[in-house]
2 protein chains.
Amino acid sequence: MARKTGSHSEITGPRIRAEAGQLFARHGFAAVSMRQIAAAVGVQAGALYLYTPDKESLLFELLKTHMDELLAAWTTQAGATTGAADPRAQLERFVRFHIRFNLERAQAVFLSYMELRNLSPENFACIEALRRRYEDTLEAILREGQAAGCFALPDTKLATLAIIAMLTGVNTWFREGGRLSRATVEGIYWDMVRKAVAA
Amino acid sequence: MARKTGSHSEITGPRIRAEAGQLFARHGFAAVSMRQIAAAVGVQAGALYLYTPDKESLLFELLKTHMDELLAAWTTQAGATTGAADPRAQLERFVRFHIRFNLERAQAVFLSYMELRNLSPENFACIEALRRRYEDTLEAILREGQAAGCFALPDTKLATLAIIAMLTGVNTWFREGGRLSRATVEGIYWDMVRKAVAA
DNA sequence: GTCTATATTGAGATAGAC
DNA sequence: GTCTATCTCAATATAGAC
């Protein structure tokens, strides 16, 4: 009883986002056509517009969802130990979390820093604000550590950006099944960060 | 005696590359049309094809020139002191060179890691090989330092990638006339790198 | 909810006049 | 060396049948 037309709204919506994400990551937002996305999903181009008002909204949804999940995951992870916890332990937790989470969502991470400029100004500002909030959580840890005397940093804001750039860089070279496991990589990067911020 | 048609091949060629570079950096390669480039230069779209066989070659020339100049500049910079020099001094030289050079050529650096996927496989491989050669010069410094006992790194290759990612990250936030001068930024990053690799 | 068909726009690239 | 004009193709998005 296979039929080509029918109701699949709960399936088609997520599939469109999944295929669009893959294609955007592979070829770049501007280089991917709505026809390509439709073909990957297995529907006609016109059908996409039942699920998204336009191409850009498709990209925005992917980035927004990713940033929301990133912040939620970190809040959960950090929640147990905020406040009184040792800044060094908090920093280690952040380093390991960032690497682990970003490797799990490599595609969304890639889109989040490659395709930002394809958003409208308002949507761009929205994503930027979320990214900034995430950075601020690391900056807060570094400040606490400096106040407690266990970190020594020439410039806290720059250290924040430097650490995040360094950690996010893992995504550009890490390949599953390569020379190093994820846990090993976490350990190696934590070692370098630990020394870089040490008093 | 202003005339609209005439011979300007020595001027028009470089101007096309300059305007294309600006537009590619601002909007992304795929989002920029040949007509836009022509309009920025002040010629008709058809005239561009006197200077480039196609759009992709325009991008490739920009990236190739940048990588060649990067390697040449570093060779010059490092040339005076290779071999016997102190690895710590070599590393400091590299850190400061990388930040300074990348800030001077921010546009080309941006293109080099945002638009690589728009190259044909052969052209992509060419740029990748040059990037790899540049990375290898840093890796060699780190290896010498470890052999000499002044650096202690859990993994030399990862440290290479981590340091380059961290340094290149400066380009994402640095703005001329901001809170910090280039020289100050160099110093701050060198301080963090120095500690991260310390024995 | 999905289809076919199409309106509209603009892309990359080329031909040939000047 | 640059121009105008054009070929060919594909893009986003919409309309209306089923």
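What you see is a predicted model, and the numbers here were worked out from it, not measured in a lab. Reckoned from all heavy atoms, side chains included, excluding hydrogens, waters and symmetry mates. Below, chain A is the first sequence line, B the second, and so on; all start at residue 1.
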Every protein N/O within reach of nucleotides 4-6 of chain C N/O, cut-off under 3.5 Å:
from, atom 1, to, atom 2, distance (Å)
C/dT4, OP2, A/Q44, OE1, 3.3
C/dT4, OP2, A/Q44, NE2, 3.3

- Starting from P on D/dA11, measure out to CD1 on A/I37 and report it in whole angstrom. 11 Å
- For B/I16 and C/dG12, give me the distance from atom CD1 to atom P, rounded to whole Å. 14 Å
- Within the 6.0 Å centroid threshold, strictly below: B/H98 and B/Y134: yes
- Please state whether the phosphate of C/dT2, meaning OP1 or OP2, lies under 4.0 angstrom from any side-chain nitrogen or oxygen of A/T12. yes
- Rounded to the nearest angstrom, tell me the gap between atom NZ in A/K55 and atom C1' in D/dT14. 17 Å
- Query: Ion pair present between A/R131 and A/E128, side-chain N to carboxylate O less than 4.0 angstrom?
  - Reply: yes
- Item | Carboxylate-amine/guanidinium proximity below 4.0 Å for B/E92 and B/R96 | yes
- Message: In whole Å, I'd like the distance from the OH atom of B/Y49 to the C1' atom of D/dT2.
- Response: 15 Å
- Query: How are the rings of B/F110 and B/Y113 set relative to one another: parallel (under 30°), tilted (30 to 60°) or perpendicular (over 60°)?
  - Reply: perpendicular
- Query: Taking atom C1' of C/dC3 as reference, at what distance in whole Å does atom CG of A/L50 sit?
  - Reply: 11 Å
- Item | Residue-level proximity of residues 20-33 of chain B to DNA chain C when a heavy atom falls under 4.0 Å | B/V32, B/S33
- Message: Testing the 3.5 Å rule here: is there a donor-acceptor pair between the side chains of A/T65 and A/D68?
- Response: no
- Task: Would you check if there is a donor-acceptor pair between the side chains of A/Q146 and A/T156 at a distance under 3.5 Å?
- Result: yes
- Message: Is a donor from one side chain sitting under 3.5 angstrom from an acceptor on the other, for A/E56 and A/N123?
- Response: yes
- A/M34 has an atom CE; how far is it from atom C1' of C/dT9, in whole Å? 16 Å
- Message: Nearest to the A/D54 side chain among C/dG12, D/dA13, D/dG1, which nucleotide is it?
- Response: D/dA13
- Item | Centroid-centroid under 6.0 Å between B/F94 and B/W74 rings | yes
- Message: Does this structure show an ion pair linking B/R143 with B/D136, if we count only N-O contacts that are shorter than 4.0 Å?
- Response: no
